[in-house]
Amino acid sequence: MEFTLTATENDTRARAGEIYTDHGKIETPIFMPVGTAGSVKGIHTRELKEDIKAQIILGNTYHLYLRPGTEIIEAAGGLHKFNGWDRPVLTDSGGYQVFSLGDIRKLSEEGARFQSHIDGSYHLFSPEKVIDIQRSIGADIIMAFDECTPGDADFEYAKKSLELTQRWLHRCFDQFEKTEPKYGFKQSLFPIVQGNTFPELRVKAAEYVKTFNADGYAIGGLSVGEPENIMYEMTEVVTAILPENRPRYLMGVGTPVNILESIDRGVDMFDCVMPTRNGRNGMLFTSEGIINIRNKKWENDHSPVDEKGYSFVDQYSKAYLRHLVISKEMLGAQIASQHNLAFYLWLVKTARQKILDGNFKNWKKEMVQKLKTRL
RNA sequence: GGGGAGAUACCGAAGCGGUCAAACGGGGCAGACUGUAAAUCUGUUGGCAAUGCCUUCGGAGGUUCGAAUCCUCCUCUCCCCA
């Protein structure tokens, strides 16, 4: 994997660049739709490519390991072959599940012992095992196994957790170097900067990951309950340290506003379940603001979902989409997800163009106001 | 024509003398959702000048300190037998 930094803006840290993988180029800043179990929920790969114009999607180590399991994915020839997505893929390591499945997992030096949310069976995720699974899944970018701490963790806990994550990182890279890709294309391992909401720890963590000379670096443990301004502050602290000539990935973020603010602070890659999950739950992101399509006020509004038309689904009327969502018709969730993803991709593409044109800052300021509006 | 069951809030349905403005579902309305245990979850759902007051459990009377609950008549539904 190679990264080229194409443009930076003087009065911000915003950057535009290109990532080259064996499955094609990614233009940054980029948003990566989340496809946890090997599918972006409700969206065909054809729509992802042709309509939404996604350049890279995510998969999840924990979910794919539990179901269908690495044997099946290997037999298929890797996740790309299995799900028919021939562009870049990134897999998360299961570190987020250490956080979200907090009640049914136990941490030790060795790793995290999970109870499957599907059948209750026990599984040990160690750094080595997580690398092995990600070799089997075959994503272009794979993530180190980390502990994602909750946003309200105290300093002592955050410090101990970070140290564990750092020891795990070392083991991840050892295993990564000991093993080979299985499907004839290169894989890159990204370390993850933790440190919770403590600048001191974040600085340490960022300095530490740099020593691995990775193809890219991630910032994790944010947007997990801490105030937004803290999230921005932590992002700033970290991007100031990470190498300029490598992509930075802010994991799990976020709202359209979060994304613009983080691009401003030097982030290149994003992923978030919001466009799909919130879409399924009736929330639409548009360039004029946020719509709760279930609200009665759209009942008889026959104007298009979005005048701008980021996706072909935007031509459906608000009244029709509201009807579908209220009636729990599958198509409603699909349309809303597709619209939101297309909007997110439009947003980062436009941000990139503004950076290239040198007027990102002003555009961002205007957009943030609109994006916060509740329609 | 004979026998039986029943009418409760937007709908379905509990309640069968006070703790009932009335359980629970559904529907309606609103909110939440950030590396997906989520096509999920939460709140609310008679009216109002609202730590209280007013009107409501088919209708009209009655018993009682007190009635959605007991009694009388009426109206209407459903089931069985002719």
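Just so we're on the same page: letters track the sequence lines, and every chain starts at 1. These numbers come from the heavy atoms of this one structure, side chains and all, not from hydrogens, waters or symmetry mates.
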Peer 1: Just name whichever nucleotide pairs with B:rA9, Watson-Crick or G-U, keeping both distances under 3.5 Å, else none.
Peer 2: none
Peer 1: Expressed as a whole number of Å, how far does the C1' atom of B:rA39 sit from that of B:rU45?
Peer 2: 24 Å
Peer 1: For a quick check of understanding: with a heavy-atom distance under 4.0 Å over all strands, which category does A:Gly94 fall into, base, sugar-phosphate or nothing?
Peer 2: nothing
Peer 1: Going by the rule salt bridge (Lys or Arg N to Asp or Glu O under 4.0 Å), which residues pair with A:Glu18 if we only count those two or more places apart in sequence or in a different chain?
Peer 2: A:Arg352
Peer 1: Provide the distance between the two C1' atoms, one in B:rG46 and one in B:rC11, to the nearest whole Å.
Peer 2: 16 Å
Peer 1: Heavy atoms only, 4.0 Å cut-off, all strands: where does A:Asp146 land among base, sugar-phosphate and nothing?
Peer 2: base
Peer 1: For A:His117 and A:Cys272, find the nucleotide of RNA chain B closest to each by heavy atoms; which residue's nucleotide sits nearer the 5' end?
Peer 2: A:Cys272
Peer 1: Under a 3.5 Å cut-off for both contacts, is B:rA67 paired Watson-Crick or G-U wobble with anything, and if yes, with which nucleotide?
Peer 2: none
Peer 1: Output all residues satisfying side-chain contact (heavy atoms from CB on, under 4.5 Å) with A:Arg280, sequence neighbours left out; order by chain, then residue number.
Peer 2: A:Lys41, A:Thr276, A:Arg277, A:Ala333, A:Ser337
Peer 1: Would you mind listing every salt bridge (charged side-chain N to carboxylate O under 4.0 Å, His left out) that reaches into residues 146-160 of chain A, with sequence neighbours excluded?
Peer 2: A:Lys159-A:Glu163
Peer 1: Which hydrophobic side chains are connected to A:Leu162, either touching it within the sub-4.5 Å cutoff or through other members that do?
Peer 2: A:Phe155, A:Phe198, A:Leu201
Peer 1: Applying the 4.5 Å side-chain criterion to the ILVMFWY set and letting contacts propagate, would A:Leu375 and A:Ile326 be lumped into a single cluster?
Peer 2: no
Peer 1: Applying the Watson-Crick and G-U wobble criteria at under 3.5 Å, what pairs with B:rA49? Answer none if nothing qualifies.
Peer 2: none
Peer 1: Rounding to the closest angstrom, what is the interatomic distance between B:rC53 and B:rG6 at atom C1'?
Peer 2: 35 Å
Peer 1: Hey, does A:Gln97 reach any base, or is it just sugar-phosphate, or nothing, if we go heavy atoms under 4.0 Å?
Peer 2: sugar-phosphate
Peer 1: Roughly how many Å apart are B:rG1 and B:rC54, using the C1' atom of each and rounding to a whole number?
Peer 2: 48 Å
Peer 1: NA contact type, A:Asn258, heavy-atom cut-off 4.0 Å: base, sugar-phosphate, or nothing?
Peer 2: base
Peer 1: Regarding A:Ser116, tell me which of base, sugar-phosphate or nothing describes its non-hydrogen contacts under 4.0 Å with the strands shown.
Peer 2: nothing
Peer 1: Parallel, tilted or perpendicular, judged at 30° and 60°: which one describes the rings of A:His339 and A:Phe343?
Peer 2: parallel
Peer 1: Please enumerate all residues that pass salt bridge (Lys or Arg N to Asp or Glu O under 4.0 Å) together with A:Asp268, with sequence neighbours excluded.
Peer 2: A:Arg15
Peer 1: Please classify the nucleic acid contact of A:Met283 as base, sugar-phosphate, or nothing, using heavy-atom distances under 4.0 Å.
Peer 2: base
Peer 1: Would you mind classifying the nucleic acid contact of A:Ser100 as base, sugar-phosphate or nothing, using non-hydrogen atoms under 4.0 angstrom?
Peer 2: base
Peer 1: Quantified in whole Å, what is the C1' atom distance between nucleotide B:rA22 and nucleotide B:rC57?
Peer 2: 8 Å
Peer 1: Could you check whether A:Arg374 gets within reach of a base, just the sugar-phosphate, or nothing at all, counting any heavy atom under 4.0 Å?
Peer 2: sugar-phosphate
Peer 1: Please work out if A:Ile326 contacts a base, only the sugar-phosphate, or nothing of the nucleic acid, heavy-atom cut-off 4.0 Å.
Peer 2: sugar-phosphate
Peer 1: In whole Å, measure the gap between the C1' atoms of B:rA14 and B:rA21 for me.
Peer 2: 16 Å
Peer 1: Partner lookup for B:rG1, please. Criteria are Watson-Crick or G-U wobble with both distances under 3.5 angstrom; report none if nothing qualifies.
Peer 2: B:rC81
Peer 1: Can you tell me, in whole Å, how much space there is between the C1' of B:rU69 and that of B:rA7?
Peer 2: 14 Å
Peer 1: Pick base, sugar-phosphate or nothing for A:Glu228, based on heavy-atom distances below 4.0 Å to the nucleic acid.
Peer 2: base
Peer 1: Would you mind classifying the nucleic acid contact of A:Ile118 as base, sugar-phosphate or nothing, using non-hydrogen atoms under 4.0 angstrom?
Peer 2: nothing
Peer 1: Once you measure the plane-to-plane angle for A:Phe212 and A:Tyr208, does it fall in the parallel (<30°), tilted (30-60°) or perpendicular (>60°) bin?
Peer 2: perpendicular
Peer 1: Between the side chains of A:Tyr157 and A:Asn196, is a donor N or O closer than 3.5 angstrom to an acceptor N or O?
Peer 2: no
Peer 1: Expressed as a whole number of Å, how far does the P atom of B:rA60 sit from that of B:rU8?
Peer 2: 16 Å
Peer 1: Touch check for A:Asp271, heavy atoms < 4.0 angstrom, all strands: base, sugar-phosphate only, or nothing?
Peer 2: sugar-phosphate
Peer 1: Give me the first and last nucleotide of RNA chain B, going 5' to 3', that has any atom under 4.0 Å from a heavy atom of chain A.
Peer 2: B:rG28 to B:rU40
Peer 1: Only pairs with both distances under 3.5 Å count, Watson-Crick or wobble alike; so what is the partner of B:rA32 in this structure?
Peer 2: B:rU40
Peer 1: Hey, which of these two, A:Asn60 or A:Glu299, hits RNA chain B nearer its 5' end, going by closest nucleotide?
Peer 2: A:Glu299
